[in-house]
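A note on names: the letters A, B, ... follow the listed sequences, proteins ahead of strands, and every chain is numbered from 1.
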There are 2 protein chains.
Amino acid sequence: MAVRPGLTAERLVRAGAELADEVRFEHVTVSELARRFDVKTASLYSHLKNSHDLKTRIALLALAELADRASEAVAGRAGRDALTAFAAAYRTYAVEHPGRYAAARFPLDPQTAAASAGPRNARLTRAVLRGYGLTEPAETHAVRLLGSVFHGFVSLETAGGFSHSAPPAEETWDWILDALDALLHSTPTPAGTTEAATP
Amino acid sequence: MAVRPGLTAERLVRAGAELADEVRFEHVTVSELARRFDVKTASLYSHLKNSHDLKTRIALLALAELADRASEAVAGRAGRDALTAFAAAYRTYAVEHPGRYAAARFPLDPQTAAASAGPRNARLTRAVLRGYGLTEPAETHAVRLLGSVFHGFVSLETAGGFSHSAPPAEETWDWILDALDALLHSTPTPAGTTEAATP
DNA sequence: GCTGTTTGCCTAATGGTGTTAGGCAGATGC
DNA sequence: GCATCTGCCTAACACCATTAGGCAAACAGC
């Protein structure tokens, strides 16, 4: 009959990512994807192992895109500049691509996670912190703090958590970045550490 | 045949919450719930409007439980004590009841959200901050910061984000609380505000 | 350009979940 | 003891995920 649609795993994953941005990642479905390519659902199984495989690949795509943006943001910047740019890249991506952002949180099995752009994102966070001259246990704590704050904020924001109350989310975001910058400069002593703070 | 199981919406919701803690909130299903009560799936529809209704009610239960725990934690405490206890209540709940915690993040329509324990949680956060004497735009920013950090951290932790790297999550948690306490004491000036910091 | 092989999309079938409509029997009220 | 009501059941339909096997388009070699 008609010419073959020419499906490939890559095209499917890209379309799946767009679909996620439109209908939320959790509503991405093999059937809907097939519908978009005007193809029967079963046909996708030549290119994808199953639904979980599709979601995993969308997650990998999102993680890579996020790392690309973050990498571009921090290039040539340091200290507060780098922090702000990194944070903006992160938040902008989540706002522009909520479905992909949700995908980036899809739980990956350890092997897949290790091969993903996840570690690259972690290294970028460390690079941002380099300018603050933290010593080792503290730097890891700070990496986790930044991850928590950014993810938490963006997650609450996209869930509409701030949309119906007084100061716009934007202002809080700036305030938080100020606060984090100040915090990182003051290099707090870890709790539960035996070293005396004021000998 | 046998005696009637005596289903009620409340029993179903409680069982649904337990189910969520076992199999993850997103895998809570009307069918599985029916199976647990040894009852046909269709029978649940006398007590629940639909699957979304079930999830909403589990979310409301979780929000209420969370507020109860938080409320107990902050009672009779102030300042750093209150902050630590509040944070611990939050994190403990998420670790002990991951499914319920995920449920508490289920998107509610505005009316339901307004009638939920969500606002009560927000008020409790404000109560914790009372001890730090923040002025108004800052207090709201701080409420959002705490929400972001706690949610972000717990969310990353339960996703296994910290489980395979060096310092235990516990230590980072304590470090973060130290940092937040210090931060709140230093009361940073909001960014983009026209008032001069040093006149 | 014909032929044989590969491969991509199809049909068909199965099982799971969500949901509605209507029936029958156990619990309840008098 | 009877009428009613309510709760759980059967039946049925739609949608999604997945597998098995078929057929024809694309392609390789001559």
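If you measure from atom NZ of K40(B) to atom C1' of dT10(D), you get 9 Å, rounded to the nearest angstrom. Residue R36(A) contributes atom CZ, which lies 21 Å from atom C1' of dC9(C) at whole-angstrom precision. Going from atom CG of L7(B) over to atom P of dT6(D) covers 16 Å, rounded to whole Å. Atom NE2 of H27(B) is separated from atom P of dG16(C) by 16 Å (rounded to the nearest Å). Separating the CG atom of L33(B) from the P atom of dT19(C) is a distance of 13 Å, rounded to the nearest angstrom. Spacing between atom CG of L48(B) and atom C1' of dT17(C) amounts to 15 Å, rounded to whole angstrom units. Note: CZ (R35(A)) to C1' (dA17(D)) measures 13 Å, nearest angstrom. Straight-line distance from the CZ atom of F37(A) to the P atom of dC10(C): 13 Å, rounded to whole Å.
The CG atom of L145(A) lies 4.5 Å from the CD1 atom of I176(B); values are rounded to the nearest 0.5 Å. The CZ atom of R126(B) sits 10.0 Å away from atom CG of L134(B), with the distance rounded to the nearest 0.5 Å.
The aromatic ring centroids of Y101(B) and F25(B) lie 6.0 Å or more from each other. Between F106(B) and H52(B), the ring center distance clears the sub-6.0 Å criterion. Separation of the F162(A) and H141(B) ring centroids does not fall under the 6.0 Å cut-off.
Picking from dC9(C), dC9(D), dT17(C) the nucleotide with the shortest atom distance to the side chain of T29(B) gives dT17(C). Set against dT17(C), dC16(D), dC8(D), the side chain of H47(B) has dC8(D) as its closest nucleotide. For S31(B), taking side-chain heavy atoms from C-beta onward, the closest of the listed nucleotides dT17(C), dC8(D), dC9(C) is dT17(C).
At least one side-chain nitrogen or oxygen of S43(A) sits closer than 4.0 Å to the OP1 or OP2 atom of dC10(C).
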Nucleotide N/O of nucleotides 18-21 of chain D paired with protein N/O under 3.5 Å:
from, atom 1, to, atom 2, distance (Å)
dT18(D), OP2, Y45(A), OH, 2.8
dT18(D), OP2, S51(A), N, 2.7

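Salt-bridge check for R36(B) with E22(B): passed, with a basic side-chain N closer than 4.0 Å to an acidic carboxylate O.
Ring-plane geometry between F150(B) and Y90(B) is classed as tilted, the angle between the planes lying from 30 to 60 degrees on a 0 to 90 degree scale.
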